[in-house]
Amino acid sequence: SLTYNPTMLRTTPFDKKHYPATNQTHYCWQKYNEYVLCLKKSSGDEDHCKTAKQLALSICPDEWVQTWQEQREKGIFLGVQENAVAAEAKVTHH
């Protein structure tokens with residue numbers, strides 16, 4: 001479950017060099033994928049990836065995070081794949 005601890009919440013630092021505009025869509029996508037990559041590298045260790053998760057949750061709309069979580073569970077998430085099964089189920093775009 002993608003919840004956060006309000007007493008430990010930290011937000012993503014501002015990066016004006018790479019993200020000067022107010023539209024933070026790309027930054028959100030990047031931070032969420034960094035979180036999933038952390039899970040992949042740590043064999044799904046949520047504690048190890050707490051910071052990456054909080055950074056993603058601080059910048060991404062809740063609806064997007066929920067949608068991506070559901071896509072990951074179904075093996076159709078188009079971002080970082082956590083395992084080989086999910087990678088095989090990835091939808092191909094033409």
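Start at 1 with the first residue, then count along the sequence.
- Summarising the geometry of Gln69 relative to Tyr32, their closest heavy-atom pair is N-OH, 3.7 Å, with the distance given to 0.1 Å.
- Checked against Trp29 for a ring pair (Phe, Tyr, Trp, His ring centres under 6.0 Å), the options Trp64, Phe77, Tyr35 give a single hit: Phe77.
- In this structure, CG in Asn33 is found 9.5 Å from SG in Cys28, a value given to the nearest 0.5 Å.
- Contact of the Gln71 side chain with the Lys74 side chain is not registered, since no non-hydrogen atoms from C-beta on lie closer than 4.5 Å.
- Counting only distance, with no hydrogens or angles, the side chain of Gln81 and the backbone of Gly79 share a donor-acceptor pair below 3.5 Å.
- How far CZ of Arg72 is from CG of Leu78: 13.5 Å, rounded to the nearest 0.5 Å.
- In terms of heavy-atom proximity, Val36 sits nearest to Val80 at CG1-O, 3.4 Å.
- Cys49 contributes atom SG, which lies 13.0 Å from atom NZ of Lys40 (distance to the nearest 0.5 angstrom).
- Heavy atoms from other residues, nucleotides or ligands lying under 6.0 Å from CD of Glu73 number more than 12.
- Looking only at distances, no side-chain donor or acceptor of Lys31 sits under 3.5 Å from a matching main-chain atom of Ala52.
- To the nearest 0.5 Å, the span separating CD on Glu82 from OG on Ser43 amounts to 10.5 Å.
- Looking at heavy atoms from C-beta onward, Leu39 lies out of side-chain contact with Asp45 at the 4.5 angstrom threshold.
- We find the CG-CD distance between Leu55 and Gln30 to be 11.0 Å, quoted to the nearest 0.5 Å.
- For Glu46 against Lys53, the heavy-atom pair with the smallest separation is OE1-NZ, 3.7 Å.
- Residues Tyr27 and Cys60 form no side-chain contact, since every pair of their non-hydrogen atoms from C-beta on lies 4.5 Å or further apart.
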